[in-house]
K.L.:
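Have a look at this one.
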Number of protein chains: 2
Amino acid sequence: MDKRTFKNHAYGEIASLARAMAHPLRLEILDLLANGPKSVEEMATIGQASMASTSQQLQVLKNNRLVVAEKRGKQVFYALASRQVYDAWMGLKALTSHVNPFLDQYIRTFREPYGTEQSLGTATLSGSDYLVVDVRPVKEYLHGHLPDAVSIPMEQLAELSGSLPRDKRIVAYCRGEMCTYADEAVKYLREMGFQADRMDVSISEMLAK
Amino acid sequence: MDKRTFKNHAYGEIASLARAMAHPLRLEILDLLANGPKSVEEMATIGQASMASTSQQLQVLKNNRLVVAEKRGKQVFYALASRQVYDAWMGLKALTSHVNPFLDQYIRTFREPYGTEQSLGTATLSGSDYLVVDVRPVKEYLHGHLPDAVSIPMEQLAELSGSLPRDKRIVAYCRGEMCTYADEAVKYLREMGFQADRMDVSISEMLAK
DNA sequence: TCTATATTCAATTATTTTATTGATTGTTTG
DNA sequence: CAAACAATCAATAAAATAATTGAATATAGA
């Protein structure tokens, strides 16, 4: 085998994998699946894309072995192929933040109207003056959550907010930096007179035992 | 700003960066530049591409802030923009190895005729029965090398091999898994009756103080 | 068995990337 | 100043990818 052929093939294989991730919807899917398996329909709804497009992009991810599919009844549930896929996606996101200051700037601008530009890190939390609330759908909470978090899905926040303490600071988190549930939750809670803040939590922290 | 617009832009920015890496020559360039700055001409020669193509791909990397350029005389030297770029590239490579067993298989097949399918890790080395040889060009050696390595560029191996010890095992390394200098060196040295092996060394290990 | 539903497939068009060529710019050197 | 050289630019054709649409498949439930 020729040296040049070898290099072309080797770098080419890696480039193919990079290309498989190089698509907004495909990245959003990976980000979603980090929170647990999902059916095509769920992802299509959340990503506001058609079933056909969503399925098409899922095929790309599947063909590159980034996700695995399992058929249950007439639905197909997809999941990340492994922990490493999530790590690589986080690495890519971190690199973008690092080389492209526009991304963080843009995220901050988006959060301004919610008053959530400053978010807490999990490290900041200590003591018991906080109530940590996981505002993702219950299924995702059950897949993995911060040890001391309670589940109040965003959809039920209005009806359940009555049971929340007014003497403690409430800290809400959701799927991550690109998820808006926590922003909406914080905005709503503050309007209802609660002390509320948004927190950035990585999936690894949610899955840690 | 609309939630959907926000997500599309955010994921889109990250996807753009992934796309910037999704090209065999661009990846080869990043891999090369991890060993120190290089002119366009050098990279074109090593990558066996035209100056125009190489320059074109370098523009893509530069526009995405993965590399930086510095003009010296009539040459332009490029370098990795930061350590993080290298980390992300390694992460991508690791993910490919993990999800695509074909890559490692292919690398092993290529090495077979050189007898270098088994390579040593830096962790394996202990004691002083080894002579570690860096077979990259001197400039790359000077940019960073294993603490106990001597520099014998592949091009000069034939003329300098006389000074190598026959009672010690020789361990050769080069730019990494996709570089073939060490393979050629090991093959040559064994043919000359030396005990030689190839070692996989990461750039981080070469740059560590 | 028939119908509704979830998903995938297939085909087409639009859009982006890639590869290649030759011209152009800027710098050094004779 | 002219020649040689490194690098980039600009333009084009070829190839790959993306988006969209409607049909096809498979399963569950009536």
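Each chain gets a letter, A, B and so on, in the order the sequences are listed, and its residues count up from 1. Note: hydrogens, waters and symmetry copies are ignored here, and every other heavy atom, side chains too, is used.
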K.L.:
Nearest whole angstrom, please: distance from the C1' of D/dA16 to the CZ of B/Arg19.
P.N.:
12 Å
K.L.:
Salt bridge check, B/Glu191 against B/Lys187: does any charged N sit closer than 4.0 Å to a carboxylate O?
P.N.:
yes
K.L.:
Strictly below 4.0 Å, N to O, side chains only: are A/Lys3 and B/Asp183 in salt-bridge contact?
P.N.:
no
K.L.:
Indicate whether the side chain of A/Tyr173 and that of A/Asp200 have a donor and an acceptor atom separated by less than 3.5 Å.
P.N.:
no
K.L.:
Assign each of A/Gln56 and A/Phe77 to its nearest nucleotide of DNA chain C by heavy atoms, then name whichever residue's nucleotide is nearer the 5' end.
P.N.:
A/Phe77
K.L.:
Using atom CZ of A/Arg72 as one end and atom P of D/dT27 as the other, report the distance to the nearest whole Å.
P.N.:
16 Å
K.L.:
Hey, does the Lys NZ or Arg CZ of A/Arg136 hover above the aromatic six-ring of A/Tyr141, less than 6.0 Å from the centre and inside 45° of the axis?
P.N.:
no
K.L.:
Write down the distance between CD (B/Gln75) and P (D/dC5), rounded to a whole number of angstrom.
P.N.:
13 Å
K.L.:
Check the distance between C/dG26's C1' and B/Met51's CE and give it to me in whole angstrom.
P.N.:
13 Å
K.L.:
Rounded to the Å, how far apart are A/Glu70 CD and D/dA26 C1'?
P.N.:
17 Å
K.L.:
Starting at CD of A/Gln59 and ending at C1' of D/dT20, how long is that distance when rounded to a whole Å?
P.N.:
17 Å
K.L.:
Just call it for B/Thr54: base, sugar-phosphate, or nothing, with non-hydrogen atoms closer than 4.0 Å on any strand.
P.N.:
nothing
K.L.:
Write down the distance between CG (B/Asn8) and P (D/dA19), rounded to a whole number of angstrom.
P.N.:
10 Å
K.L.:
If you find the nucleotide of DNA chain D closest to B/Lys62 and the one closest to A/Ala22, which residue's nucleotide is nearer the 5' end?
P.N.:
B/Lys62
K.L.:
Report the distance from atom NZ of A/Lys71 to atom C1' of D/dA28, rounded to the nearest whole Å.
P.N.:
11 Å
